Amino acid sequence: MKKKIIKLVVVIAIVIVAFIIQSTWSKLNSDIVPTPNLLLIVVCIFGFMRGSNYGCLIGLFCGLLVDLEYGDIVGLYAFLYMICGFFSGKLKRLFYSENVLMPLLLVFANDFVYNLSVYIFRFLLRNKQDFPYYFWNRIFPEMIITTFIMFLTFKLFYILNEKVFMNDDERALSFDK
């Protein structure tokens, strides 16, 4: 029971810290440097390391935070983050600790899908059809900076996953049981 409370506190702390950093960065530097989507990194990594249910739950929590802070419609960002967490969790069986390429590609692809969905729901449906401008000035720079930040923080998430979130049963290899 104590270990579950520690896990819950750690996850909530990570999400809140990522949300605060992302919100502060977007309010200060959004015109100069694109804002990395730190919450998407958290959702993708936890989904990738812990599974689709975990990714969906963290995606729901992160999305509700974004909806309450920035959203016009409550639920749009929660849905998008949940989808990213779900599909990241479906790739859990491809998780290897020494391979950082798969999580990088996962965050890159999820950021593209996330931003494309935001474009469709927030701009295209309002008849704002300048997709090349939006892609080159918003989507692509954010994809690059989010993937770069993910590259820098992946080892930290991996160590956190090993030390806090894994049970002794999960640490043992399947053929050792």
Side-chain angles (χ1 to χ4, degrees), residues 1-23 35-71 74-118 142-143 145-177:
M1 184 68 178
K2 184 179 177 183
K3 188 140 174 114
K4 287 184 180 183
I5 292 173
I6 291 172
K7 288 180 186 180
L8 182 65
V9 168
V10 167
V11 168
I12 290 172
I14 289 171
V15 169
I16 289 175
V17 167
F19 177 72
I20 289 171
I21 292 171
Q22 180 175 327
S23 297
T35 304
N37 198 336
L38 301 177
L39 292 174
L40 186 72
I41 292 172
V42 170
V43 168
C44 289
I45 291 302
F46 275 121
F48 189 58
M49 290 182 179
R50 306 301 303 154
S52 58
N53 290 338
Y54 212 82
C56 279
L57 188 62
I58 292 178
L60 175 66
F61 185 63
C62 291
L64 286 175
L65 282 175
V66 173
D67 278 331
L68 294 175
E69 180 70 21
Y70 300 110
V74 176
L76 174 65
Y77 291 106
F79 177 71
L80 294 176
Y81 279 112
M82 280 178 61
I83 294 296
C84 291
F86 177 76
F87 286 114
S88 297
K90 288 299 179 186
L91 299 175
K92 180 184 177 195
R93 67 180 190 276
L94 299 175
F95 173 64
Y96 299 107
S97 60
E98 60 276 345
N99 187 5
V100 73
L101 181 63
M102 185 63 186
L104 285 175
L105 291 174
L106 182 67
V107 168
F108 190 79
N110 274 329
D111 201 7
F112 176 73
V113 169
Y114 171 83
N115 281 310
L116 183 65
S117 300
V118 168
E142 183 182 316
M143 287 169 48
I145 190 111
T146 301
T147 306
F148 179 71
I149 297 293
M150 201 314 252
F151 177 72
L152 296 177
T153 60
F154 176 73
K155 198 62 170 176
L156 177 69
F157 278 108
Y158 176 72
I159 291 169
L160 185 71
N161 185 47
E162 287 286 317
K163 301 292 183 192
V164 176
F165 293 102
M166 280 192 143
N167 301 329
D168 293 332
D169 297 340
E170 291 176 318
R171 284 190 185 97
L173 295 174
S174 61
F175 56 85
D176 290 340
K177 294 180 183 177

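Note that this is a predicted model, so its numbers are computed, not measured.
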Exercise. What pairs with Leu60 under side chain to side chain contact (heavy atoms under 4.5 Å, CB included), at least two apart in sequence or on another chain?
Worked result: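 Applying side chain to side chain contact (heavy atoms under 4.5 Å, CB included) to Leu60 gives Leu64, Ala78, Met82.
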Just verifying a value: how many Å separate [X] [atom1] and [Y] [atom2], rounded to the nearest 0.5 Å?
{"X": "Gln22", "Y": "Leu65", "atom1": "CD", "atom2": "CG", "result": "10.0 Å"}
{"X": "Leu101", "Y": "Phe151", "atom1": "CG", "atom2": "CZ", "result": "10.5 Å"}
{"X": "Thr147", "Y": "Glu142", "atom1": "OG1", "atom2": "CD", "result": "9.5 Å"}

For this session: Please step through side chain to side chain contact (heavy atoms under 4.5 Å, CB included) for the pair Phe157 and Ile14, ending with a clear verdict.
Result: CA-CA 10 Å; Phe157 278 108; Ile14 289 171; 4.1 Å; yes
Throw together a table of side-chain donor-acceptor distances under 3.5 angstrom for residues 37-49, partners on residues two or more places apart or in other chains.
| residue | atom | partner | partner atom | Å |
| --- | --- | --- | --- | --- |
| Asn37 | OD1 | Leu40 | N | 3.2 |
| Asn37 | OD1 | Tyr81 | OH | 2.9 |

For this session: Compare every heavy atom of Lys3 with every heavy atom of Lys163, then report the nearest pair and how far apart it is.
Result: O-NZ, 4.2 Å
Problem set entry | Contact summary for Val15 and Cys62, nearest pair of heavy atoms |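 Taking every non-hydrogen atom into account, CG1-SG, 3.7 Å.
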Exercise. If we only count heavy atoms from C-beta on, is the Asn53 to Leu57 side-chain gap below 4.5 Å?
Worked result: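 Asn53 vs Leu57: side chains apart.
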Exercise. Does the side chain of Val164 reach to within under 4.5 Å of the side chain of Lys7, using non-hydrogen atoms?
Worked result: yes
Problem set entry | For Ser23, all residues meeting side chain to side chain donor-acceptor pair (under 3.5 Å), sequence neighbours excluded |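 Per chain and number, Ser23 pairs via side chain to side chain donor-acceptor pair (under 3.5 Å) with Tyr70.
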Sequence neighbours left out, cut at 3.5 Å: what donor-acceptor pairs do the side chains of residues 103-114 make with other protein atoms?
| residue | atom | partner | partner atom | Å |
| --- | --- | --- | --- | --- |
| Asn110 | ND2 | Ser88 | OG | 2.9 |
| Asn110 | ND2 | Leu106 | O | 3.4 |
| Asp111 | OD1 | Asn115 | ND2 | 2.9 |
| Asp111 | OD2 | Met143 | N | 3.4 |
| Asp111 | OD2 | Thr146 | OG1 | 3.2 |

Problem set entry | Neighbour count >12 (heavy atoms, 6.0 Å) for atom CZ, Phe19 |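 Yes, the 6.0 Å shell around CZ holds more than 12 heavy atoms from other groups.
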For this session: Go through Val11 and Tyr54 one step at a time and tell me if the side chain to side chain contact (heavy atoms under 4.5 Å, CB included) criterion holds.
Result: CA-CA 11 Å; Val11 168; Tyr54 212 82; 3.4 Å; yes
